[in-house]
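Everything on this sheet refers to the single structure shown next.
Per chain, numbering begins at 1; letters A, B, ... match sequence-line order.
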Amino acid sequence: MVIDVHGHLGRWSFPMDDPGPEDLTAMMDRLGIDRCILSSSRALRYDLEGGNRELSGSLRSGGRLFGYITANLHYPEESIAGIGVLEGERKDTGQARFVGVKIHPMIQNRRFDTPAGFRVARRAHESGLPILIHTFGSPMETPRQVLPVLREIPDLRIILAHAGGFDWHLAADMAAAGENLYAEICSSCTSPDKLLQLIEAFGDRRVLFGTDATLFHPGYALGMVRDADLPAESLSRLMGENALDLFRFQP
Amino acid sequence: MNPGIVDWHVSYGFSPRQRVDASRERVEKLLAAHGVGIALMHHLEGLWYDPLSGNEALLTAFAGTPHVPVCTVNPLEGEERCRRAFAAACDRGARFWRLYPKEQGWDMGHPVAALILDLLREGRCCLLMDSDAKGIQAALDLARDEVPVVGSLHFYDSADWSLRLRPYRSFYPTTRLLHGPGTLRETARIFGDRLLFASGAPFGAVASSLALLDEVGEAVRERTLRGNARELLGRFGHGD
């Protein structure tokens with residue numbers, strides 16, 4: 001089972017293809033990816049409510065695409081209300097459409113360690129939803145911004161998307177901050193050493209496979225995994241088992 | 001004929017700013033695992049510490065191997081040191097050079113950079129350089145579009161560079177950062193006979209860059225992995 005925990009649907013402001021849900025599933029078929037958990041680029045970059053609603057429509061059927069409810073920390077009330085509405089939505093298979101909450105401090109220009117961040121974190125925790133937060137090396141994106149929230153809510157499950165990007169040591173340094181802190185691997189940095197060091201720091205049960213599709217070609221992150229040449233057990237945890245447990249998916 | 005893939009961006013040495021095993025043994029293992037037969041190889045000592053000693057070590061290490069040593073100079077070290085490092089490497093046959101404006105904190109407006117471009121043009125050399133589109137354009141202009149400039153540009157900026165650098169016949173883009181869906185295909189359409197494969201190994205995975213080539217057909221793939229590179233290498237005496 002291969003689960004991509006970091007995907008998107010929607011438009012990006014670059015001269016590139018705009019894959020829709022069918023294109024994405026075709027790419028997943030080609031590359032052997034079974035499930036993908038997506039956030040809406042419209043919700044991240046522009047219209048929170050409209051983007052989440054649009055994504056919900058794309059998740060209605062089938063058992064392969066799941067969603068993150070995007071929160072925007074400039075709009076904590078609306079974000080919290082969105083979680084309340086969307087967490088109950090089901091696919092035609094009966095499964096939940098949304099399995100986590102997405103936060104992007106860089107795109108939305110607001111850090112997580114703010115009163116709004118704490119409010120959204122408490123609400124996600126109340127619903128048992130993990131939070132996927134974008135992290136890179138800049139002060140706005142630093143992984144360290146999750147620490148105050150983790151101190152208050154130690155059993156909130158938080159995934160450091162990109163694991164700090166090119167500055168993965170920032171994420172690795174925090175591995176001991178809590179058993180509910182996870183690292184996700186994709187970014188423009190595909191050094192196999194990054195993946196190996198994240199597993200060394202977090203252990204192989206707290207590192208997750210992600211691709212950033214449809215912003216990135218999903219084969220890019222797969223290549224990093226391939227070159228890291230992991231032992232079979234660690235590989236299968238990275239690629240799917242950890243996500244099955246974390247998101248409480250049925251196999 | 002070496003049937004291997006040609007990779008235009010490979011480093012070895014010691015990595016001081018990220019903990020990466022860039023030892024020669026490790027790097028050659030990564031390349032061999034994917035059938036890379038020729039690597040344009042640069043030494044991290046030249047980038048981070050001393051171009052002169054880095055070039056010497058590089059030229060010695062890869063003499064008699066299929067790999068192509070890529071030497072460097074650092075404009076921040078001034079005119080005299082750059083001239084000395086350039087002459088020393090040229091005496092040993094160096095024709096491929098890499099500059100690091102971003103990593104070393106200078107830009108193509110630096111007067112020593114202009115001098116270096118003159119040296120490269122007069123020495124009929126090839127330049128490898130990762131920079132923004134304006135930096136690569138400045139290098140091409142300084143060299144009067146006579147020095148081939150091989151550059152890895154991020155797909156985020158492709159609206160700019162695909163148009164800005166299109167008129168330059170000496171510009172050779174690489175595949176290394178074309179990981180947006182469709183961006184490699186589009187770059188191949190525009191720069192087809194000049195698109196070169198590059199991985200950035202060991203800071204980038206060879207398998208990641210190879211995966212992007214599933215967007216193009218077999219003929220373009222072959223040209224990108226081998227054909228375009230052989231043509232360019234052949235101009236500098238690295239032919240079959």
Fill in: Residue pair B/Arg185 / A/Asp17, side-chain heavy-atom distance below 4.5 Å
yes
Worksheet item: More than 12 heavy atoms of other residues, nucleotides or ligands under 6.0 Å from CZ of A/Arg42: is that the case?
Response: no
Discussion item. Between B/Arg17 and chain A, with a heavy-atom cut-off of 4.5 Å, which part of the residue counts as in contact: side chain, backbone, both or neither?
Written reply: neither
Worksheet item: Heavy atoms, side chains only, cut-off 4.5 Å: are A/Leu215 and B/Phe155 in contact?
Response: yes
Worksheet entry | Interchain contact, B/Asp214 with chain A, by part (heavy-atom threshold 4.5 Å) | side chain
Discussion item. Take a 6.0 Å sphere around CD of B/Glu231 and say whether it holds more than 12 heavy atoms from other residues, nucleotides or ligands.
Written reply: no
Worksheet entry | Contact origin within A/Leu195 toward chain B - heavy atom pairs under 4.5 Å | neither
Discussion item. Using salt bridge (charged side-chain N to carboxylate O under 4.0 Å, His left out), reason through A/Asp193 and B/Arg19 one step at a time and then give a plain yes or no.
Written reply: CA-CA 8 Å; A/Asp193 294 65; B/Arg19 185 158 69 92; over 6 Å; no
Fill in: Sub-4.5 Å side-chain heavy-atom contact between B/Leu178 and A/Tyr220
no
Item to complete: Report, as yes or no, whether the 6.0 Å neighbourhood of atom CZ on A/Arg226 holds more than 12 heavy atoms from other residues, nucleotides or ligands.
Response: no
Worksheet item: Where does B/Leu212 contact chain A at under 4.5 Å (heavy atoms): side chain, backbone, both or neither?
Response: both
Discussion item. How long is the straight-line distance from OH of B/Tyr156 back to CH2 of A/Trp12, given to the nearest 0.5 Å?
Written reply: 7.5 Å
Discussion item. For the CZ atom on A/Arg64, are there more than 12 heavy atoms of other groups (residues, nucleotides or ligands in this structure) within a distance under 6.0 Å?
Written reply: yes
Worksheet item: What option among A/Pro218, A/Cys189, A/Ser188, A/Ala213 has the most heavy-atom pairs under 4.5 Å with chain B?
Response: A/Ser188
Worksheet item: Quick check: does any side chain N or O of A/Asp227 sit under 3.5 Å from a backbone N or O of B/Ala205, one acting as donor and the other as acceptor?
Response: no
Item to complete: For the pair A/Thr190 (side chain) and B/Ser208 (backbone), establish whether a donor and an acceptor sit closer than 3.5 Å, ignoring hydrogens and angles.
Response: no
Item to complete: Go through B/Pro181, B/Ser199, B/Ala211 and name the one with the most non-hydrogen pairs under 4.5 angstrom from chain A.
Response: B/Pro181
Worksheet entry | Greater than 12 external heavy atoms within 6.0 Å of B/Lys134's NZ | no
Worksheet, complete the sentence: Most heavy-atom pairs under 4.5 Å with chain A, out of B/Arg176, B/Glu215, B/Arg26, belong to B/Arg26
Response to the item:
Bottom line for A/Pro15: the part with an atom under 4.5 Å from chain B's heavy atoms is both
Worksheet item: Got more than 12 heavy atoms from elsewhere within 6.0 Å of CZ, A/Arg144?
Response: no
Worksheet item: Counting heavy atoms not belonging to A/Arg11, are there more than 12 under 6.0 Å from its CZ?
Response: no
Fill in: Check: A/Met16 main-chain N/O paired with B/Thr183 side-chain donor or acceptor under 3.5 Å
no
